[in-house]
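Accompanying notes for the structure given below.
If you're wondering where the values come from, they're calculated on a predicted model, not measured in any experiment.
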Amino acid sequence: MVWWIIATVFAFFVKGLCGFANTLVFNTILSFDNTNINISPVELVLGYPTNAILVWHERNSIKWRICLPLSLMVIIGCIPGALFLKNVDVEIVKIVFGFVIILIGLEMLFRGLRSIKIKQSKTALSIIGILSGVLCGLYGIGALLGAYVNRVTDDTGEFRANMCVVFLVENTFRVILYIVSGIITLDILKQALILVPFMLIGLGIGMISSKVIDEKIVKKIVIVMLIISGVALVMNNLW
């Protein structure tokens, strides 16, 4: 249980700070001694209220024209997911998109270091938006979604708000799916309940830190987490 507590505090500290990547941190810490079927439902139950908390906290920064279409794409992406996964090698797809996420993250990092602001292509952003929504729905990959939202929001408050609206919609769909399929059980709920205080501690520290740490540093942390997400996606599916 000690490692579950450590994973919870660190994962939701990152969630409070960046608005995403809690799943990456949680799974990375616990995947050595636990299977995904035991990790994912606990993380989902813990993560669901954190999205609601962050959405409420950053409610004035929500851009509905951004998050509503992405939320719709996530749900649409979940519908063909089962059929698509039966006919495609999931590991290869995840490796390819892992590299895509790494390249996007590196481009964002170097773009942020330049003093001249480059005009974004609406077509390119639309493609990224569609892919991010579908991939998040199909595989639970939030990094490409983060890359898109990072480009169309002005500050970390807007980034967290709009990311978490989309995650809240996706989480609602997945909670229902997990309950119906029997993945979320009474034992899972009991374990998640034990970890709730540690989730709140991590989330609270992360949210406070996001207000104290310089905006530019937080943005760089978000980009670094995107790159790490891509690397983890590739590594996890190569070995």
Side-chain angles (χ1 to χ4, degrees), residues 11-12 14-15 18-27 36 39-56 58-59 61-88 90 93-94 96-98 100-101 104-105 108 122-153 158-181 183-184 222 225-226 229-230 232-233 237:
F12 290 99
V14 172
K15 177 73 171 180
C18 300
F20 80 114
N22 47 297
T23 303
L24 168 69
V25 176
F26 197 80
N27 288 359
N36 192 59
I39 299 171
S40 292
V42 174
E43 196 279 331
L44 175 61
V45 173
L46 288 172
Y48 189 81
T50 67
N51 287 311
I53 291 169
L54 286 170
V55 166
W56 175 257
E58 305 285 359
R59 60 191 180 280
S61 298
I62 296 173
K63 289 186 175 180
W64 295 108
R65 61 183 173 79
I66 294 173
C67 60
L68 287 182
L70 285 177
S71 298
L72 179 61
M73 281 185 268
V74 168
I75 298 302
I76 292 174
C78 290
I79 297 172
L83 179 62
F84 185 73
L85 293 177
K86 286 181 180 179
N87 298 286
V88 177
V90 182
V93 173
K94 287 188 176 183
V96 170
F97 280 102
V100 171
I101 292 165
I104 291 173
M108 289 166 63
K122 291 184 178 180
T123 302
L125 291 181
S126 297
I127 293 172
I128 293 173
I130 292 170
L131 284 175
S132 64
V134 174
L135 285 172
C136 190
L138 288 172
Y139 309 121
I141 300 171
L144 194 56
L145 181 67
Y148 173 76
V149 176
N150 183 271
R151 286 169 174 263
V152 295
T153 51
E158 283 190 5
F159 177 82
R160 285 196 302 269
N162 290 281
M163 282 286 287
C164 289
V165 168
V166 179
F167 284 143
L168 191 60
V169 173
E170 188 268 343
N171 282 181
T172 301
F173 184 89
R174 209 150 45 99
V175 164
I176 295 171
L177 183 65
Y178 279 19
I179 291 174
V180 171
S181 60
I183 295 175
I184 292 180
V222 169
M225 292 307 300
L226 285 173
S229 297
L233 197 60
N237 289 279

What distance separates [X] [atom1] from [Y] [atom2], expressed to the nearest 0.5 Å?
| X | Y | atom1 | atom2 | value |
| --- | --- | --- | --- | --- |
| F167 | L44 | CZ | CG | 12.0 Å |
| E170 | L177 | CD | CG | 10.0 Å |
| Y178 | N171 | OH | CG | 9.5 Å |
| N51 | N22 | CG | CG | 7.0 Å |
| L54 | R160 | CG | CZ | 7.0 Å |
| F159 | C18 | CZ | SG | 7.5 Å |

Evaluate the criterion side-chain contact (heavy atoms from CB on, under 4.5 Å) for residue pair V169 and V74; output intermediate values, then yes/no.
CA-CA 8 Å; V169 173; V74 168; 5.8 Å; no

What do the steps show when you test V42 against F26 for side-chain contact (heavy atoms from CB on, under 4.5 Å), and what is the final call?
CA-CA 10 Å; V42 174; F26 197 80; 4.2 Å; yes

Test side-chain contact (heavy atoms from CB on, under 4.5 Å) on K15 and V25; report intermediate values, then the result.
CA-CA 9 Å; K15 177 73 171 180; V25 176; over 6 Å; no

Identify the heavy atoms of V149 and T153 that sit nearest to each other, and give their distance.
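Result for this residue pair: O-OG1, 2.7 Å.
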
Which pair of heavy atoms, one from G19 and one from C164, lies closest together, and at what distance?
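Result for this residue pair: O-SG, 3.8 Å.
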
Tell me, with the steps shown, if L168 and Y48 meet side-chain contact (heavy atoms from CB on, under 4.5 Å).
CA-CA 7 Å; L168 191 60; Y48 189 81; 4.2 Å; yes

Measure from the side-chain N and O atoms of R59 to the backbone N and O of W56, and report whether any donor-acceptor pair falls under 3.5 Å.
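Looks like yes, one N/O pair under 3.5 Å.
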
Pairing residues for W64 by the side chain to side chain contact (heavy atoms under 4.5 Å, CB included) criterion, not counting sequence neighbours
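W64 satisfies side chain to side chain contact (heavy atoms under 4.5 Å, CB included) with I62, C67, L68, V165 only.
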
Could you pull out all residues at least two apart from N162 that satisfy side-chain hydrogen bond (donor to acceptor under 3.5 Å, both in side chains)?
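N162: no side-chain hydrogen bond (donor to acceptor under 3.5 Å, both in side chains) contacts found.
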
Who are the ring-ring contact (aromatic ring centres under 6.0 Å, His included) partners of F12, not counting sequence neighbours?
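Here no residue qualifies.
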
